[in-house]
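Report on the structure given below.
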Amino acid sequence: MVHRNIRRAFSQFDYVNPNAPKGGEIRLAETGGWDTLNPFTVKGEAAGGSDLPFETLMIESADEPFSEYGLLAESIEFPADRSWVAFTLRPKARWHDGKPITADDVVFSFDILKTKGHPRYRFYYAAVDKVEKVGERKVRFTFKPGDNRELPLILGQLPVLPKHYWKGRDFAATTLEPPLGSGPYKAGPFETGRTVTWVRVKDYWGADLPVRRGQYNFDRIRYDSYRDTTVALEAFKAGEYDWRLEMEAKKWATGYQDWSGLKDGRGLKEAFPNQRPAGMQAYVYNLRRPLFQDAKVREALAYAFDFEWTNKTLFYGQYKRTTSFFANSDMAATGLPGPKELEVLEPLRDKVPPQVFTSVYKPPETEGDGNIRANLRAAMRLLEEAGWTVQNGKLVKDGRPFVFEILLVQPVWERIALPFARNLERLGIEANVRVVDTAQYKNRVDQYDYDMVVQVWGQSQSPGNEQASFWGSAAADAVGGQNLAGIKNPAIDALVAALIAAPDRETLVARARALDRVLLWNHYVIPQWHLGVDRVAWWDKFGRPAITPASGVRPMAWWAKDAAKK
């Protein structure tokens with residue numbers, strides 16, 4: 001048996017300044033409230049930055065597709081067949097209370113996250129058969145039979161939690177007692193639901209590690225909560241916080257024109273290109289509802305979404321239409337299936353839509369002038385084929401009208417969803433747009449209590465286990481899960497399993513494309529849009545590295561200019 005022990009030496013990541021000064025403060029914002037400092041459970045809404053006190057066995061690189069470097073772990077071992085992986089912890093790794101981090105903590109973390117943590121952990125680590133302590137600083141994970149070459153790296157992403165701290169505490173409950181961590185920050189002053197400050201740990205054990213050098217330079221990181229994004233933008237322009245990632249095209253185009261900081265040079269605004277996969281942002285049908293179980297109905301409604309008009313009128317032409325679940329990456333399906341795709345698709349030919357083999361998926365298009373009569377005629381043909389008819393201006397089937405709710409969490413989405421609803425009304429469909437507060441939205445989404453929502457499924461350069469939690473049948477009924485569409489499709493389960501088992505990059509790309517085609521042609525979502533840049537505005541208080549990595553801008557690699565003067 002061949003063992004591999006990886007100890008790659010390097011001084012720091014290329015996208016940081018290793019000489020960045022420490023000190024100062026960065027003030028950030030989030031929308032909605034929060035009620036817990038534990039980010040690992042399904043209960044409650046975690047505070048902004050609540051992951052800062054916690055660390056994983058390994059840490060990913062922001063400029064490589066799927067590489068990880070040792071953080072808590074100083075080394076990793078696995079056999080040629082990758083049937084297990086063992087991590088040896090760094091001897092100097094310490095909790096904030098000074099106690100060493102041990103193999104017992106790793107075993108505890110794995111067990112508690114799978115049993116009481118967010119449901120995503122049960123799916124993410126489902127292929128692990130057992131975890132065992134094999135030394136004071138060494139732990140070994142043995143995998144179930146199967147072929148998942150990424151499992152060693154997936155286990156490297158395991159958050160490690162202190163066993164001694166959680167003894168006698170309820171891990172699954174919300175908490176305002178700051179949990180013990182080992183990371184570069186710990187909780188400072190906070191007001192529940194309003195603000196929280198994270199304070200840099202002065203004697204942080206990992207400060208000199210190559211994977212930490214040049215990062216987490218601020219003495220304080222403060223998150224303030226705002227009711228919505230409009231209020232948050234005005235607070236930013238008034239100087240209430242310092243650094244803002246802009247998520248709305250209209251605000252980026254017009255919302256900063258009256259910003260005094262931009263006019264007098266005290267503020268800056270820049271779009272940073274990125275090369276990260278955009279994934280899929282979409283209107284998502286809840287297939288748990290009988291209304292959306294017919295694929296023809298789902299396909300029909302997509303004709304009522306006028307992206308071209310929306311992009312031109314509401315977004316100032318900034319976005320690209322999303323046509324893939326792996327948008328902005330080489331894993332997006334193009335053309336017709338190639339030989340490697342057909343290897344996994346052919347055995348499923350009678351279980352997937354025939355268009356997978358014959359046609360290139362493309363969402364319905366318009367001229368962008370608001371005239372969508374041709375699209376609505378196409379939609380009506382599909383609806384009639386599905387048994388729906390118009391009676392007295394209402395679309396009905398078996399005496400029941402076509403009525404559903406679009407559930408939103410931000411008021412800004414109303415201006416996007418309402419034109420879509422008006423187009424649906426022309427088909428005789430009543431689509432009610434409803435905005436609820438953050439807590440209610442989270443509770444309803446966790447319980448799958450919705451007809452349609454807007455969701456973003458992010459993707460990495462190396463998709464794997466998480467695809468089962470996105471699209472897998474076993475994830476469809478898990479409370480708080482990520483399979484929001486409620487997909488239960490054996491063909492997709494098989495494609496996800498094949499993707500996870502991909503032995504090399506070429507095969508992984510081909511199998512991702514095959515999965516992409518089947519997801520698209522089942523019309524589980526109405527694709528929306530994506531953007532290949534990070535739009536950032538900030539008050540000119542910071543220095544930043546010369547290099548922005550492929551995954552995009554990283555504010556934790558910036559530093560306070562005031563700190564450089566000290």
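For clarity, every value in this text was computed on a predicted model and none was experimentally measured. Just so you know, residue 1 is the first one in the sequence shown, and it goes up from there.
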Using the six-membered ring wherever Trp is involved, compare the ring planes of F305 and Y283 and label them parallel, tilted or perpendicular (cut-offs 30° and 60°). perpendicular
Closer than 4.0 angstrom, basic N to acidic O: yes or no for R505 and D330? yes
Aromatic plane relationship, W529 with Y319 - under 30° parallel, 30 to 60° tilted, over 60° perpendicular: tilted
Go through the side-chain N and O atoms of Y124 and Q157 and say whether any donor and acceptor fall under 3.5 Å apart. yes
S329 side chain to Q459 side chain, donor-acceptor N/O pair below 3.5 angstrom: no
State, without any angle test, whether D228 and T31 hold a side-chain donor-acceptor pair at a distance under 3.5 Å. no
Using the six-membered ring wherever Trp is involved, compare the ring planes of W471 and F325 and label them parallel, tilted or perpendicular (cut-offs 30° and 60°). perpendicular
In a check of ring-ring contact (aromatic ring centres under 6.0 Å, His included) between Y241 and each of Y223, Y226, W538, which one passes? Y226
Carboxylate-amine/guanidinium proximity below 4.0 Å for D534 and R276: yes
Distance-only polar pair, side chains of Q461 and Q275, donor-acceptor under 3.5 Å: no
Test your reading of the model: is there a side-chain donor-acceptor pair from Q293 to the backbone of L287, 3.5 Å cut-off? yes
Judged by modelled atom types alone, do Y256 and R244 share a side-chain donor-acceptor pair under 3.5 Å? yes
Any donor-acceptor pair under 3.5 Å linking the side-chain atoms of R288 with those of N286? yes
